[in-house]
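As a basis for the values below, the full set of heavy atoms in this structure was taken, side chains included, without hydrogen atoms, waters or symmetry mates. Proteins get letters first, then strands, A, B, ... in listed order; numbering begins at 1 in each.
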2 protein chains.
Amino acid sequence: MTIKYAILGLLSWKPFSGYDLKKTFENSSEFYWSGNNNQIYKTLVQLLNEGLAVNHVEFQEAYPAKKVYTITDKGLSELKNWVLSMPEPPELRNTFLTQLAWADQLRDDELDSILEKYEYEVRMQLLMHREKSRREGATPARTQREAYLWKMVSENIVMFYENELTWVRRLRKELNENLIS
Amino acid sequence: MTIKYAILGLLSWKPFSGYDLKKTFENSSEFYWSGNNNQIYKTLVQLLNEGLAVNHVEFQEAYPAKKVYTITDKGLSELKNWVLSMPEPPELRNTFLTQLAWADQLRDDELDSILEKYEYEVRMQLLMHREKSRREGATPARTQREAYLWKMVSENIVMFYENELTWVRRLRKELNENLIS
DNA sequence: GTAGTCATGTAAGACGTTACATGATTCT
DNA sequence: AGAATCATGTAACGTCTTACATGACTAC
């Protein structure tokens, strides 16, 4: 369960409500998470139970009241332990590779057509990431080093998509050249 | 549900038993899948029910009987439809990026130490992939084009890890240089 | 008046992981 | 004697996704 730490991390930065967390996960590139209501609200209750966060209700006129969560000292030290813990290797899940593995049954034009679509998908992801990243410019890191780390997280994602693009372009080029010869 | 198509793909190549599929998913780099017993045996039953595969029992002396599954024409056309369908963009799940985002609380040496561990993990994954790939040399693709596609699937995975390595090495170098200045 | 945002949550199901269960055979 | 391999499967749990439910306000 790492959504717990994704949330704890954000709370270590500043207080959030469940709704704020959801928006942040959706709109951010660095702090992206496929966080849906269900998981977020459940995890927040769990954080309360474990004493890693506390909450207080903020009433607003014209809008529903919000429950704002603040991290505790216990939460901070739990987060630090996790950050120091053994990193897991990155996981690549790319169903397209499975599609490609069985694509020899396709005609040359069909094969190039799905490669083109894939290239398009990857380009879109890259654009979306860059756009989110741009809008995130205001995000104030607390130190210069933190700003650098966040930049490098973003850079990792960019490099991932660019790498994927060079791969698919090379594939398309090589397949086309073999057709001609 | 894409394990269905991962299995269907392998069955389009040659007949497999559940156990064979599990071994293949575990030991292969191109056809890797986190397929566990539970999912594989359930999906095979599903394939039977949908008429995408048929099975027959092979008795063996000294070993338990095995159920060997063969793809049907319906299965082949279902697979082709899927291969031609809209590719999904690749998904990157890297919990380490979340760890790194909140690593500014660490001392310089602690930070470098987790980066070193991450670099090690990635190097190990790359080695493991290369080793699996080497042992897979016997895998006989049916056409030259298929062999090329499989090579490129493998190449994609190599590039992914190499990309990750250059990123983490750059990160470590830049952090160290900033310390000195 | 229709859709979207703010804000909380629940329900149901799909998907994934770990562990258990059986039982003969083979390797160390 | 103990572990690993071959081969099937089940049980329990954990994670993730999609959809539903409520209700006031705002923007087109």
For residues 29-38 of chain A, please give each side-chain donor-acceptor pair under 3.5 Å, one per line with the distance, not counting sequence neighbours.
residue: A/Ser29; atom: OG; partner: A/Glu136; partner atom: OE1; Å: 3.2
residue: A/Asn36; atom: OD1; partner: A/Asn38; partner atom: N; Å: 3.4
residue: A/Asn36; atom: OD1; partner: A/Gln39; partner atom: N; Å: 3.2
residue: A/Asn36; atom: ND2; partner: A/Gln39; partner atom: OE1; Å: 2.9

Under 3.5 Å, side-chain donor or acceptor atoms of residues 102-116 of chain A against the rest of the protein: list the pairs with distances, not counting sequence neighbours.
residue: A/Asp104; atom: OD1; partner: B/Thr143; partner atom: OG1; Å: 3.4
residue: A/Asp104; atom: OD1; partner: B/Arg145; partner atom: NE; Å: 2.9
residue: A/Asp104; atom: OD2; partner: B/Thr143; partner atom: OG1; Å: 2.6
residue: A/Gln105; atom: NE2; partner: A/Trp102; partner atom: O; Å: 3.0
residue: A/Arg107; atom: NE; partner: A/Asp109; partner atom: OD1; Å: 3.0
residue: A/Arg107; atom: NH2; partner: A/Asp109; partner atom: OD2; Å: 3.2
residue: A/Asp108; atom: OD1; partner: B/Arg145; partner atom: NH1; Å: 2.8
residue: A/Glu110; atom: OE1; partner: A/Arg107; partner atom: N; Å: 2.9
residue: A/Asp112; atom: OD1; partner: A/Arg172; partner atom: NE; Å: 3.1
residue: A/Asp112; atom: OD2; partner: A/Arg172; partner atom: NH2; Å: 3.2

Let me have the donor-acceptor pairs involving side chains of residues 90-97 of chain A, under 3.5 Å, with sequence neighbours excluded, atom names and distances please.
residue: A/Glu91; atom: OE2; partner: A/Arg93; partner atom: NH2; Å: 3.2
residue: A/Asn94; atom: OD1; partner: A/Phe96; partner atom: N; Å: 3.1
residue: A/Asn94; atom: ND2; partner: A/Tyr118; partner atom: OH; Å: 3.0
residue: A/Asn94; atom: ND2; partner: A/Glu164; partner atom: OE2; Å: 3.2

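In this model, the phosphate group of D/dG9 is approached by a side-chain N or O of B/Lys67 to a distance below 4.0 Å at OP1 or OP2. Put simply, A/Lys22 has no side-chain N or O that comes within less than 4.0 Å of OP1 or OP2 on C/dC6. Contact between the side-chain N/O atoms of B/Gln60 and the OP1/OP2 oxygens of D/dC6 is not found at any separation under 4.0 Å. Contact between the side-chain N/O atoms of B/Tyr19 and the OP1/OP2 oxygens of D/dT8 is not found at any separation under 4.0 Å. For D/dT8, one of the phosphate oxygens OP1 or OP2 lies less than 4.0 angstrom from a side-chain nitrogen or oxygen of B/Tyr41.
Across the protein-nucleic acid pair, A/Lys66 atom NZ and D/dT22 atom P stand 24 Å apart, rounded to whole Å. Rounded to a whole Å, the OH atom of B/Tyr69 is 12 Å from the C1' atom of D/dA7. Here D/dT8 presents its C1' atom at 14 Å from CG of B/Leu48, a figure rounded to the nearest Å. Here the P atom of nucleotide C/dA14 and the OH atom of B/Tyr5 are 15 Å apart, to the nearest Å. One interatomic measurement links the two molecules: CG of B/Asp20 to C1' of D/dT8, which rounds to 12 Å at whole-angstrom precision. Rounded to an integer number of Å, the gap from B/Gln46 CD to C/dG16 P is 12 Å. The distance from atom CZ of B/Phe59 to atom C1' of C/dA24 is 16 Å, rounded to the nearest whole Å. Remark: C1' of C/dA7 and CD of A/Glu26 are 13 Å apart, rounded to the nearest angstrom.
Within the 4.5 Å cutoff, the side chain of A/Leu165 has no heavy atoms near those of the A/Phe160 side chain. Contact check for A/Phe59 versus A/Val57: side-chain heavy atoms found under the 4.5 Å cut-off. For the pair A/Arg170/B/Met152, a side-chain contact is recorded, criterion being any heavy-atom separation below 4.5 Å from C-beta on. Side-chain contact between A/Tyr69 and A/Val54: absent, with no pair of heavy atoms (C-beta onward) separated by less than 4.5 Å. A/Asp20 places none of its side-chain heavy atoms less than 4.5 Å from the side chain of A/Leu10. For the pair A/Thr70/A/Leu11, no side-chain contact is recorded, criterion being any heavy-atom separation below 4.5 Å from C-beta on.
Nearest-nucleotide mapping onto DNA chain D: of A/Lys42 and B/Ser17, the residue sitting toward the 5' end is B/Ser17.
By the 4.0 Å N-to-carboxylate-O rule, B/Lys117 lies too far from B/Glu121 to be salt-bridged with it.
Shown here is A/Asn81, whose CG atom has more than 12 heavy atoms of other residues, nucleotides or ligands within 6.0 Å.
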Return the polar atom pairs (N/O with N/O) between nucleotides 1-3 of chain C and the protein under 3.5 Å, or none.
none

Using nucleotides 17-19 of chain D, report all nitrogen or oxygen pairs with the protein that are shorter than 3.5 Å.
residue: D/dT17; atom: OP2; partner: A/Ser34; partner atom: O; Å: 3.0
residue: D/dT17; atom: OP2; partner: A/Ser34; partner atom: OG; Å: 2.6
residue: D/dT17; atom: O4; partner: A/Asn38; partner atom: ND2; Å: 3.2

Can you name the atoms? Protein N/O to nucleotides 24-27 of chain D N/O, anything below 3.5 Å, with the distance.
none

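Rotation axes derived from the C1' atoms of the five outermost pairs at either end of the helix from C/dG1-D/dC28 to C/dT28-D/dA1 lie 40° apart, to the nearest 10°.
If you take OG1 on A/Thr24 and OH on A/Tyr19, they are separated by 11.0 Å, rounding to the nearest 0.5 Å. Note: A/Glu155 CD to A/Ile157 CD1 = 10.0 Å, rounded to the nearest 0.5 Å.
Within the structure, salt bridge (Lys or Arg N to Asp or Glu O under 4.0 Å) pairs that include any residue of residues 76-87 of chain A comprise A/Lys4-A/Glu78 (at least two apart or interchain). Applying the side-chain hydrogen bond (donor to acceptor under 3.5 Å, both in side chains) rule to pairs touching residues 56-68 of chain A yields nothing, sequence neighbours excluded.
Near DNA chain C, meaning a heavy atom under 4.0 Å away, there are no residues from residues 78-85 of chain A.
For the side chain to side chain donor-acceptor pair (under 3.5 Å) test, residues two or more places apart in sequence or in another chain that qualify with B/Glu162 are B/Arg130. Here A/Gln125 pairs with A/Tyr161 under the side chain to side chain donor-acceptor pair (under 3.5 Å) rule; sequence neighbours left out.
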